[in-house]
*Asks:* 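Before I ask anything, let me first share the structure, which is written out below as structure tokens.
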Amino acid sequence: MTALSVRLSRALSGGRRTPPPPSTRASLLATLLRKRATAHNVGAEDLEALLRDQIRWALPMIETERADELTADELTE
């Protein structure tokens with residue numbers, strides 16, 4: 001066996017690595033937005049709609065009465 005076939009065999013037996021979960025809400029939203037953009041580009045309408053729902057769910061919620069009182073720094077936390 002060549003070195004390349006040995007490496008390929010090891011890679012296949014190891015399977016896919018699962019990526020670590022996003023560390024922040026911002027990184028989660030960035031990942032979802034990239035996936036939604038890809039789904040849009042390939043024309044996967046059902047997947048794009050599913051990702052839009054996930055993006056809405058991941059957005060921070062602010063009470064409208066309190067939103068006027070918050071500063072810009074508090075909104076980005």
*Asks:* What residues form a side chain to side chain contact (heavy atoms under 4.5 Å, CB included) with Arg10, not counting sequence neighbours?
*Replies:* Val6
*Asks:* Out of curiosity, Arg36 CZ to Leu50 CG, how far, rounded to the nearest 0.5 Å?
*Replies:* 12.5 Å
*Asks:* Contact between Leu51 and Glu48 at the side-chain level, heavy atoms closer than 4.5 Å - yes or no?
*Replies:* no
*Asks:* With sequence neighbours excluded, what pairs up with Asn41 under the side-chain hydrogen bond (donor to acceptor under 3.5 Å, both in side chains) test?
*Replies:* none
*Asks:* State which residues pass side chain to side chain contact (heavy atoms under 4.5 Å, CB included) with Ala44; sequence neighbours excluded, sorted by chain then number.
*Replies:* Ala39, Val42, Leu47
*Asks:* Can you name the residues that form a side chain to side chain contact (heavy atoms under 4.5 Å, CB included) with Thr24, not counting sequence neighbours?
*Replies:* Ala26, Ser27
*Asks:* Could you tell me which residues satisfy side chain to side chain contact (heavy atoms under 4.5 Å, CB included) with Arg25, sequence neighbours excluded, listed by chain and number?
*Replies:* Leu29, Pro60
*Asks:* Between CG of Leu59 and CD1 of Ile55, what distance do you get to the nearest 0.5 Å?
*Replies:* 7.5 Å
*Asks:* At what distance, to the nearest 0.5 angstrom, does CD of Gln54 lie from CG of Leu33?
*Replies:* 11.5 Å
*Asks:* Side-chain heavy atoms under 4.5 Å apart, restricted to Ile/Leu/Val/Met/Phe/Trp/Tyr: what other residues fall into the cluster of Leu12, or is it alone?
*Replies:* Leu8
